[in-house]
4 protein chains.
Amino acid sequence: MQPQQSDVAAAQPALPEKLTAAQARRVATRDSILAAARELIAEDGFAGAQVSLIAVRAGVGVGSIYKHFSSRAELFAEIYRDVAAREFAHVQAAVAQTDDGAGARIAAAVATFCARALRGGRFAYALLVEHSEPDVDEHRLAFREGYRTLFREVLDQGIDDGEIPDQDTDTAAAALLGIMTETLVRPLADLDEKTNSQALIRQVVNLCLATVQARGLNQTDVDGP
Amino acid sequence: MQPQQSDVAAAQPALPEKLTAAQARRVATRDSILAAARELIAEDGFAGAQVSLIAVRAGVGVGSIYKHFSSRAELFAEIYRDVAAREFAHVQAAVAQTDDGAGARIAAAVATFCARALRGGRFAYALLVEHSEPDVDEHRLAFREGYRTLFREVLDQGIDDGEIPDQDTDTAAAALLGIMTETLVRPLADLDEKTNSQALIRQVVNLCLATVQARGLNQTDVDGP
Amino acid sequence: MQPQQSDVAAAQPALPEKLTAAQARRVATRDSILAAARELIAEDGFAGAQVSLIAVRAGVGVGSIYKHFSSRAELFAEIYRDVAAREFAHVQAAVAQTDDGAGARIAAAVATFCARALRGGRFAYALLVEHSEPDVDEHRLAFREGYRTLFREVLDQGIDDGEIPDQDTDTAAAALLGIMTETLVRPLADLDEKTNSQALIRQVVNLCLATVQARGLNQTDVDGP
Amino acid sequence: MQPQQSDVAAAQPALPEKLTAAQARRVATRDSILAAARELIAEDGFAGAQVSLIAVRAGVGVGSIYKHFSSRAELFAEIYRDVAAREFAHVQAAVAQTDDGAGARIAAAVATFCARALRGGRFAYALLVEHSEPDVDEHRLAFREGYRTLFREVLDQGIDDGEIPDQDTDTAAAALLGIMTETLVRPLADLDEKTNSQALIRQVVNLCLATVQARGLNQTDVDGP
DNA sequence: AATGAATGAGTATTCATTCAT
DNA sequence: CATGAATGAATACTCATTCAT
């Protein structure tokens with residue numbers, strides 16, 4: 001979830017052969033715009049990522065941004081899509097690499113989410129929790145929904161394997177996302193405070209496992225206020 | 001967490017003597033401004049709570065708002081403080097009324113938070129998750145931190161009683177807040193969808209109890225990416 | 001049709017008593033905005049009447065313009081409505097003052113239109129023929145339609161009186177408007193060229209009378225290309 | 001006045017020798033640009049005829065347009081010149097084919113103008129009445145002036161023949177153009193409304209004949225306001 | 001004290017034109 | 001020679017805050 005680096009899911013151009021020089025330049029401009037936007041979001045959140053600032057940072061004219069993206073919202077939408085694809089791929093890869101049972105898979109998923117979010121820092125914070133215009137916020141919600149779906153799948157798999165108790169996995173997935181977001185939100189926002197990431201992640205993983213592995217708690221009766 | 005009503009913690013400062021008529025009028029004006037702001041937030045979120053709209057709704061001039069509050073952010077800050085005091089009081093009262101053990105106290109705290117948030121609807125949604133200007137957002141974070149502190153106290157009490165396992169209650173409290181927020185966020189935003197609040201609350205309470213009551217999960221080892 | 005002067009149809013405030021000082025100031029600001037807009041339209045057409053320029057000319061902030069008019073288009077709409085009301089009133093008054101028969105009434109209507117348009121100069125030109133955004137253009141067309149309706153009424157009256165031959169007065173009114181607009185368009189656009197307005201108006205009146213007073217020409221047969 | 005077809009006056013300059021292949025290609029490109037611009041004007045008016053859209057429609061790069069035309073305005077200027085030449089030729093041809101007297105010649109001129117304008121539809125509307133940048137509008141006015149000159153010549157001829165009364169033919173020509181434009185402007189703009197073109201043209205011809213054939217109306221006296 | 005008219009800095013977007021490849 | 005990616009000036013509108021009355 002780092003704005004600066006490209007990794008696992010970073011798009012290799014599907015065409016094996018080289019692009020023309022012009023195409024390469026166009027792609028480079030586009031990438032510099034995306035990179036500039038990611039940097040500014042990482043520094044000041046969406047409020048700081050104004051079109052003219054993005055243009056300056058990318059070293060292009062404002063008009064060029066609109067050659068590549070139909071609107072500011074669409075630019076951010078692309079950032080969300082890119083990040084979502086990459087992050088989801090990472091979590092799925094972490095799950096796939098684990099063959100120690102459902103608990104381990106869930107732990108891997110949670111740990112991967114947290115570790116990557118913590119490395120994403122302010123950028124991850126903005127994408128996960130910052131509001132913006134409705135058009136952009138829509139994508140933030142979709143991004144979160146993506147995680148919800150992803151974690152639900154991992155939970156469903158765990159239930160299928162009979163290793164975690166049957167439960168409403170949609171709500172449970174929301175709970176996991178809530179735990180992760182809320183426990184990480186302060187470290188993500190404050191770059192200064194040096195958190196012991198390893199310890200924090202271990203803690204969050206344990207909380208998440210506890211949440212979904214508990215058995216026999218459904219009898220608790222609650223009377224509304 | 002309903003904008004319209006004032007209850008438990010909305011206590012008038014217990015000044016023994018009466019206010020002059022002028023003072024009473026001043027307080028009434030101030031209250032009408034706050035009420036108008038709460039209503040507008042409940043209807044359209046922070047974006048809809050513009051100073052001029054608040055003035056119209058309160059039946060005062062815009063200038064008068066600045067006689068009572070130094071800025072729009074300060075007005076919202078007061079709303080946050082009021083709501084925080086009232087809500088925290090409710091959760092604490094619910095806990096105090098429970099003498100069935102730590103689990104029941106935690107369940108009462110969580111259930112009270114959820115039930116009141118659900119009744120607060122769009123207003124609760126705005127206060128809990130909507131961003132606004134940085135100056136206002138600061139208070140939203142403080143509001144959430146307040147809950148975190150509150151739930152930590154309940155957890156600490158439970159640990160003291162030996163009924164729930166020892167753990168980092170600060171992080172656990174954050175986890176509870178995360179679970180509650182994330183599982184409620186959709187129902188809070190969509191007023192149309194008629195949620196079965198009782199069932200939802202029961203589910204959330206169970207998830208929260210599972211999170212903090214689990215024992216012996218701390219051995220899980222995580223290797224960061 | 002002069003932007004600077006207020007006459008016959010200029011609104012006397014319907015309320016007989018004085019406005020408060022604040023109301024008077026508000027009205028003065030509003031009027032200065034309208035006056036500034038009319039001046040700029042008269043100087044450079046709609047293209048020159050940009051919101052910021054209007055604000056500078058009126059000696060107000062841009063925001064003030066939006067306190068009085070919901071949009072730039074609405075400001076222009078009001079100008080159109082004001083002018084239409086005043087101009088239509090003048091033409092109708094000229095007709096009413098004439099009791100020498102239908103021909104004289106039509107002559108009075110045409111002469112009044114032309115004389116006032118010529119005095120309006122570049123301003124009249126802009127209102128009558130200049131295109132702008134669709135939202136504004138709509139009002140220009142309505143303005144022209146208003147004249148068309150007005151002249152049709154005068155023609156209908158003439159036919160009722162049996163003094164001018166029966167004909168399609170809607171089309172005839174359009175023809176009159178066309179004659180007037182087209183014969184005046186050059187003098188209206190070129191402020192430099194000193195036209196003999198009296199002679200021009202007499203000519204236009206004659207052409208218009210000829211157009212509507214002719215009898216027995218309907219047998220002309222035309223074969224389309 | 002149809003954008004798609006080239007006819008009478010679209011004559012290739014009568015160079016006796018063939019062009020080289022390169023020259024032919026260059027002319028073809030130029031023509032395709034002009035054709036694309038005409039199509040777009042016909043579809044959406046000047047506002048829709050953006051340089052990049054013209055390039056796409058013509059199947060060339062935007063840069064190529066500037067190899068053939070120094071600016072967007074110059075491209076439109078050429079369209080105006082082409083259309084003017086063709087249309088003027090048609091009107092003149094219609095007049096030349098008529099030997100039944102001055103009235104018939106004028107009727108032929110008017111009918112030809114109207115019939116062709118109605119067939120030109122939205123394209124004719126744009127060229128005749130739509131404003132654009134000042135640089136382009138200049139050509140619109142010149143186009144209209146051309147018609148004025150043309151109709152003046154027809155009128156002068158009629159006066160020479162002694163068949164229509166002596167009058168200021170310049171102003172009368174403007175009147176004819178005004179009648180035609182104003183009576184046609186609604187049908188030209190609304191493609192939906194199926195107008196009975198034949199009937200409309202007959203009406204317009206009659207109005208025009210009435211305008212210029214009237215005798216003895218010059219005594220009407222007008223007192224300016 | 002109360003008012004509300006006035007303020008103006010701040011921002012996303014368009015499109016004719018250019019020029020390096 | 002043709003291209004089309006890049007350019008950037010230009011412009012309407014918002015809303016928290018102020019201050020003369």
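Chain naming here is simple, since letters A, B, ... match the order of the sequence lines and numbering starts at 1 in each. Just so we're clear, the structure is a prediction, and the values are computed from it rather than from any experiment.
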* **Of Arg25(A) and Ala47(C), the one whose closest DNA chain F nucleotide lies more 5'** => Arg25(A)
* Could you say whether Ala28(A) or Ala49(C) is positioned toward the 5' end of DNA chain F, judged by the nucleotide with the nearest heavy atom to each? => Ala28(A)
Distance check needed: [N] [atom2] versus [X] [atom1], whole Å only.
| X | N | atom1 | atom2 | result |
| --- | --- | --- | --- | --- |
| Leu40(B) | dC15(F) | CG | P | 13 Å |
| Arg30(B) | dA2(E) | CZ | C1' | 17 Å |
| Asp135(B) | dA16(F) | CG | C1' | 12 Å |
| Glu133(A) | dT11(E) | CD | C1' | 10 Å |
| Ile33(A) | dT7(F) | CD1 | C1' | 12 Å |
| Lys67(D) | dC19(E) | NZ | P | 11 Å |
| Phe46(A) | dT11(E) | CZ | P | 16 Å |
| Phe76(C) | dC13(F) | CZ | P | 10 Å |

* **Verdict with supporting geometry, Glu74(B) and Arg81(B), salt bridge (charged side-chain N to carboxylate O under 4.0 Å, His left out)** => CA-CA 10 Å; Glu74(B) 176 55 27; Arg81(B) 282 189 296 261; 2.7 Å; yes
* To do: Carefully, step by step, assess Glu39(C) and Arg57(C) under the rule salt bridge (charged side-chain N to carboxylate O under 4.0 Å, His left out).
  => CA-CA 9 Å; Glu39(C) 284 176 33; Arg57(C) 180 72 66 104; 2.7 Å; yes
N/O (side chain, [X]) to phosphate O (OP1/OP2, [N]) under 4.0 Å:
| X | N | answer |
| --- | --- | --- |
| Ser64(D) | dT3(F) | yes |
| His68(C) | dA6(E) | yes |
| Arg26(C) | dA6(E) | yes |
| Tyr66(A) | dT13(E) | yes |

* Mate of dA16(E) where both pairing distances stay under 3.5 Å, Watson-Crick or G-U -> dT7(F)
* **DNA chain F contacts among residues 51-58 of chain D, heavy-atom distance under 4.0 Å** => none
So what does [X] hit on the nucleic acid, given a heavy-atom distance under 4.0 Å: a base, only sugar-phosphate, or nothing?
| X | value |
| --- | --- |
| Ser71(B) | sugar-phosphate |
| Val62(D) | base |
| Thr29(D) | nothing |

* Identified side chain to side chain contact (heavy atoms under 4.5 Å, CB included) partner of Phe76(C) from the options Asp135(C), Val136(C), Leu34(C), Leu127(C) -> Val136(C)
* For residues Val129(D) and Arg144(D), determine if any side-chain heavy atom of one lies less than 4.5 Å from a side-chain heavy atom of the other. => yes
* Asked: Going by an N to O cut-off under 4.0 Å, is there a salt bridge joining Arg122(D) and Glu130(D)?
  -> yes
* Structure fact -> When Ile65(B) and Val60(C) are each assigned the nearest nucleotide of DNA chain E, the 5'-most assignment goes to Ile65(B)
* Take Gly61(C) and Ser70(D), find for each the nucleotide of DNA chain E with the closest heavy atom, and name the residue whose nucleotide sits nearer the 5' end. => Gly61(C)
* Verdict with supporting geometry, Glu78(A) and Arg38(A), salt bridge (charged side-chain N to carboxylate O under 4.0 Å, His left out) -> CA-CA 11 Å; Glu78(A) 170 131 355; Arg38(A) 283 188 298 248; over 6 Å; no
* Inter-residue atom distance Ile41(C).CD1 - Phe46(C).CZ, 0.5 Å rounding -> 4.5 Å
* Give a yes or no on whether Arg25(D) atom CZ has more than 12 heavy-atom contacts from other residues, nucleotides or ligands under 6.0 Å away. => no
